[in-house]
Every structure is written in structure tokens, then in C-alpha cells.
Protein chains: 2
Amino acid sequence: MVQNSVRTLQAQGYKATKPRKLVLEVLEEIERPLSPYDIQGILHARGKHLNHVTVYRILDLFCRLNLAHKMLSSGGFVKCSLDAVEGCHRFMVCQDCGAIQEFADEGLCQGENRFARNLGFHTEHHLSEFAGLCSRCYGRQPQLTE
Amino acid sequence: MVQNSVRTLQAQGYKATKPRKLVLEVLEEIERPLSPYDIQGILHARGKHLNHVTVYRILDLFCRLNLAHKMLSSGGFVKCSLDAVEGCHRFMVCQDCGAIQEFADEGLCQGENRFARNLGFHTEHHLSEFAGLCSRCYGRQPQLTE
DNA sequence: ACCTAATTGCAATATTGTTGCATTTATTCC
DNA sequence: GGAATAAATGCAACAATATTGCAATTAGGT
Ligand SMILES: [Mn+2]
Ligand SMILES: [Mn+2]
Ligand SMILES: [Zn+2]
Ligand SMILES: [Zn+2]
């Protein structure tokens, strides 16, 4: 929850400001990728008015601290749910409900590293997202409009 | 080469126009991800003036036909070098020289599918990019400025 | 060479992202 | 609790990127 991220912020010498906590709350509550303007809009609807510049700067910081991630497929931001995990953080993205689930797996990394090495490529890290259907959505009517 | 993509265009009922061929040439020649405005600029410097709207529309089409891909990490566009390959097209991105190498591997897909299935996720396709150093750049001085 | 649908260019607009600087705020120390 | 102060935010202006409708052009078929 938010309290964890607040501790991380302070441990790294950053202030736990009201705007930062608000953004954390939204990311935690809405478990789907959100753009900076999405976040601003959601908070605005709740009577909390943040400047978009502030939202951008907060998301930048969160990504640097690995408190959040920028999704590759959509460019939206999600809260990191693997705070303590070293190595590559990855995602499964439900094409129906839009939910994302974060995971990490050393086995996948090793397989990918081995594969790349055979082609003479020295891997630093892996970006990957699986697109498909989450367990709740599999075998149901589609929800997402796009 | 370009001629292949031209055939694909025509086979699908699209015209092989001068702007489309120019964009194909650039993507084929510069084997690094390019933004729409990058492409426009490169062509402009060669005396070929395309409207940016045209470049956007061409890249949209190319992506729909899998003649090109939009890179996840950078948002830039590259020419697909696996024209005939079914399944997931993936990339290794050199962090030094910026070169990209496209590949596909059924084994990786299967491993990922199995992993996801264990978590109740039904995978449709995989997006993935490996970041690291290509064989030429490994053990050399850095080139890229950023 | 002509016809026609497809494609492009243009102009206007919308959206997204960035920068410098004045103002405010969270933390430290008393 | 009340300063002091460095960090963070808001504001304004701007820059870059992306989208739309419509008129002009062009590629491919006859
Ligand atoms: Mn994470
Ligand atoms: Mn490809
Ligand atoms: Zn779902
Ligand atoms: Zn390289």
C-alpha cells in the first residue's frame, strides 16, 4: 500500500508530499495503466487539482525509484507491485478488462539470456509484456471497447 | 529489400506510391528505430518533402501489414526483417550503437505460455525486447551519447 | 490517354511533454 | 509548536507530437 512507497521515498531522501501521495493512491486503486493526464483527470474529479507538470515530474521520480513502471504497450503508468524484487519486472496485460499483473521469473530471464548469447548478444535486461486474457475474463463476454 | 514490401503492398490492394517507397528506403537503410519526424527530416535533407501527416499514415499502414514495427522501448519504427515469419516478432536492442536485431523463437513463446498458464493467464502474444550489447559493441568504447 | 478510387498535402486543431522561475511546503532543528 | 531551508509545486509560456476534414493529386486498370 501507499505507506510502503512513502517509506521508500523518505528513505531515499525525497519528501512525502501531498501530490505524491495522491498519485500513489490513484495508481494503487486503479490497477490499469494510466497516462499523466488520466491521473490528473481522476484527481480533478475528486476535487484534487494537480498541475500536469507536477504529475509528469512525480511519475518520472516514481519510475526512477521503481515505485511505478511505464508500460511498453500503452505508455501508461502502473504502480509496481514487486517493490522488493530484483531483476526484470514483467507484466501480463488482460486485453478484455485491461488489468495488469506484474511478475518476475528468473527462469524466463535465463532462457532469454541463453538464447541471446547464442546470437552474440550480451543481455542487460528484458522488457516484456504478455497480452491475453486474465483468469476472470477467460470465457466471458468482452468488456473493453477498443 | 524494398521490392519485397512493394509486392506485399500491392498483393493487399494498396498502392506502391512514391512516399511509401521513400519511407521504406529510409527504414531499410537506417537500421535503428526512427520517429515519424526523424523520417521526415532524413527525407527532407535529401530533397524529398513529405508532409508529416503522410508519414504518420504510412507508418500506421506498414504496422498494420507487419511491414514495420513500433518499438516498445523507444516508440521508434523499424522495418520488419522477418516478413514471412508467423508468431511473435521480437528484438534485441543494442544500448551502445542503437542497432536492433529482430528474431523469433518458438521455444521462448512456449516457455512464456506455460509460465502464464500456471498463473491462470491465457496468452495471446508476447511483446519483448532485450536490451544489451550487440556482438560488435561488446568490449568496445561506448558510442551512444545518452 | 483517360478514369476513378486511393492517397497525399494542407490547414487547422488537439494532445502531450518541457522549461525557467516565483511561490509554497515538508522536514530538520531548536 | 515555531523558524529555517532545501525540495517540490504551480504557473505561464512554449515545443513537440499527433489527429481531422477536405481539396488536390496520383497510381493502377482500362
Ligand atoms: Mn515492478
Ligand atoms: Mn517483424
Ligand atoms: Zn481481464
Ligand atoms: Zn551495438
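Each chain gets a letter, A, B and so on, in the order its sequence line appears, and its residues count up from 1. Values reported hereafter were calculated over all heavy atoms of this structure, with side chains retained and with hydrogens, waters and symmetry mates removed.
Using a 4.0 Å cut-off, no side-chain N or O of A/Thr17 falls inside it from OP1 or OP2 of D/dA8.
Side-chain N/O atoms of A/Glu102 and A/His69 include a donor and acceptor closer than 3.5 Å. There is a side-chain donor-acceptor pair under 3.5 Å between A/His126 and A/Asn113.
Nucleic acid contact class of A/Tyr37 (heavy atoms, under 4.0 Å, all strands): base. Among the atoms of the strands shown, base atoms are found under 4.0 Å from some heavy atom of B/Arg57.
Nearest nucleotide to the B/Tyr14 side chain, out of D/dT19, D/dA8, C/dT7: C/dT7. For A/His52, counting side-chain heavy atoms from C-beta on, the closest listed nucleotide (D/dA18, C/dT18, C/dG9) is C/dT18. If you check D/dA18, C/dG17, D/dA27 against the side chain of A/Pro36, the one that comes closest is C/dG17. Set against D/dA8, D/dA18, D/dG28, the side chain of B/Lys15 has D/dG28 as its closest nucleotide. Candidate nucleotides D/dT26, C/dT18, D/dA7 were compared by shortest atom distance to the side chain of A/Val53, and C/dT18 ranks first. The side chain of B/Asn51 sits closest to C/dC10 out of D/dG10, C/dG17, C/dC10.
Note: CG (B/Asp60) to P (C/dT7) measures 13 Å, nearest angstrom. Rounded to whole Å, atom C1' of C/dT8 lies 13 Å from atom CG of B/Leu22. Rounded to whole angstrom, the span from the CZ atom of B/Arg20 across to the P atom of C/dA6 amounts to 11 Å. Between the CD1 atom of A/Ile58 and the C1' atom of D/dG10 there is a distance of 12 Å, given to the nearest Å. Rounded to whole Å, the distance from CG on B/Leu43 to P on C/dG9 is 11 Å. Whole-Å rounding puts the B/Gln10 CD to C/dA6 P distance at 15 Å. The distance between atom CG of A/Leu50 and atom P of C/dG17, rounded to the nearest whole Å, is 16 Å. With rounding to whole Å, B/Tyr56 atom OH is found 17 Å from C/dC10 atom P.
Between the side chain of A/Arg117 and the backbone N or O of A/His122 there is no donor-acceptor pair closer than 3.5 Å.
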Between B/Lys70 and B/Glu129, does a salt bridge (charged side-chain N to carboxylate O under 4.0 Å, His left out) hold up when you go through it step by step?
CA-CA 12 Å; B/Lys70 183 173 189 172; B/Glu129 295 178 18; over 6 Å; no
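Side-chain contact check for A/Gln95 versus B/Glu124: some heavy-atom pair is nearer than 4.5 Å.
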